[in-house]
Amino acid sequence: FTYVTGMMKSGATAQQVNIQSSSLVVPGGAASTGYLTMTLQNPGTVAVTSVKLVMFDGEAIPNGGVTWISTIPTGGTASGNVTVEVGSTTSYNASTNTLTIISSALGITNGQLVAGQSYPVQLVVNYANGQTQTITTTVTASSS
């Protein structure tokens, strides 16, 4: 029993990517456009094959999210960034790397992102071994 239990535990070890830093910079402290950047670290033993940004401020991003970071090797770090703007619908434009969030989202006031306001963000991490990890965090906007 002890032998089999030990084998099962070693094979079921979950990977765990960590957020090293995150920022949402809003020019002038309140604007319809901000700049979201996150740096992630992979301290595990399995490479990350993609990180998707799937939710911002309560709004699900269409088409299963934005592939934000393509790979993170074992022991490595990588950063993702996207321009966030307030608009009439939630969408993503890959050619400009711009995420448009509907103006009625939870933390958006008067059609603007505001310094000091916290915005929930959700990421889905995909690993080379087929495992996934969901990271839900908040990013507090700051003024540039």
Side-chain angles (χ1 to χ4, degrees), residues 5-144:
T5 303
M7 284 179 52
M8 290 174 65
K9 284 183 183 177
S10 67
T13 302
Q15 298 300 308
Q16 198 76 325
V17 162
N18 303 312
I19 298 173
Q20 278 193 324
S21 64
S22 62
S23 67
L24 176 60
V25 177
V26 179
S32 61
T33 301
Y35 305 95
L36 176 65
T37 303
M38 296 180 89
T39 300
L40 306 177
Q41 177 187 30
N42 179 9
T45 58
V46 178
V48 170
T49 57
S50 71
V51 178
K52 287 189 169 197
L53 175 62
V54 296
M55 188 266 298
F56 181 88
D57 198 32
E59 291 295 313
I61 298 169
N63 303 319
V66 174
T67 299
W68 211 32
I69 297 172
S70 57
T71 60
I72 308 175
T74 58
T77 60
S79 295
N81 59 64
V82 68
T83 300
V84 178
E85 66 180 25
V86 179
S88 59
T89 185
T90 298
S91 63
Y92 176 71
N93 182 330
S95 64
T96 62
N97 194 30
T98 300
L99 173 63
T100 303
I101 297 297
I102 193 165
S103 60
S104 62
L106 301 172
I108 296 175
T109 306
N110 298 323
Q112 295 188 320
L113 301 166
V114 179
Q117 175 72 38
S118 293
Y119 299 90
V121 176
Q122 190 171 71
L123 308 172
V124 173
V125 180
N126 296 295
Y127 293 92
N129 65 1
Q131 287 183 320
T132 61
Q133 173 189 358
T134 300
I135 300 172
T136 303
T137 189
T138 57
V139 177
T140 301
S142 64
S143 180
S144 63

Side chain to side chain contact (heavy atoms under 4.5 Å, CB included) partners of P62, counting only residues at least two apart |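 Counting only residues at least two positions away or on another chain, P62 forms a side chain to side chain contact (heavy atoms under 4.5 Å, CB included) with T90.
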
Can you sort out the partners of T96 under side chain to side chain contact (heavy atoms under 4.5 Å, CB included), two or more places apart, ordered by chain and number?
->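 Scan of T96 (side chain to side chain contact (heavy atoms under 4.5 Å, CB included), adjacent residues dropped) gives N93, T98.
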
Please output the side-chain donor-acceptor pairs of residues 69-83 that fall under 3.5 Å, not counting sequence neighbours, one pair per line with the distance.
from, atom 1, to, atom 2, distance (Å)
S79, OG, T39, OG1, 2.7
N81, OD1, N97, ND2, 3.4

Sequence neighbours excluded, which residues qualify as side chain to side chain donor-acceptor pair (under 3.5 Å) partners of T134?
->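 Checked T134 against side chain to side chain donor-acceptor pair (under 3.5 Å); zero matches.
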
Quick one: list whatever passes side chain to side chain donor-acceptor pair (under 3.5 Å) with E85, sequence neighbours left out.
->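 Here the qualifying residues are T100.
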
When rounded to the nearest 0.5 angstrom, what distance separates [atom1] in [X] from [atom2] in [Y]?
X    : Y   : atom1 : atom2 : answer
T137 : M38 : OG1   : CE    : 5.5 Å
I135 : I19 : CD1   : CD1   : 5.0 Å
S21  : L40 : OG    : CG    : 8.5 Å
W68  : Y92 : CH2   : OH    : 10.5 Å

Exercise: identify the closest heavy-atom pair between [X] and [Y]:
X    : Y   : answer
N42  : A47 : ND2-CA, 3.9 Å
S144 : V25 : CB-CG1, 3.3 Å
V54  : G64 : CG1-O, 3.5 Å

Pairwise side-chain contact, Y35 with P27, heavy-atom cut-off 4.5 Å (strictly under) =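 Yes, at least one pair of side-chain atoms sits under 4.5 Å.
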
Could you tell me whether the side chain of L24 reaches within less than 4.5 Å of the side chain of F56, counting heavy atoms only?
->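 Sidechains of L24 and F56: in contact.
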
Donor-acceptor pair, N110 side chain versus Q112 backbone, under 3.5 Å?
->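 No: the side chain of N110 does not pair with the backbone of Q112.
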
Distance-only donor-acceptor pairs under 3.5 Å for side chains of residues 113-127, two or more places apart:
from, atom 1, to, atom 2, distance (Å)
S118, OG, T140, OG1, 2.9
Y119, OH, V114, N, 2.9
Q122, NE2, T136, OG1, 2.8
N126, ND2, S50, OG, 2.9
Y127, OH, V17, N, 3.2
Y127, OH, Q133, OE1, 2.5

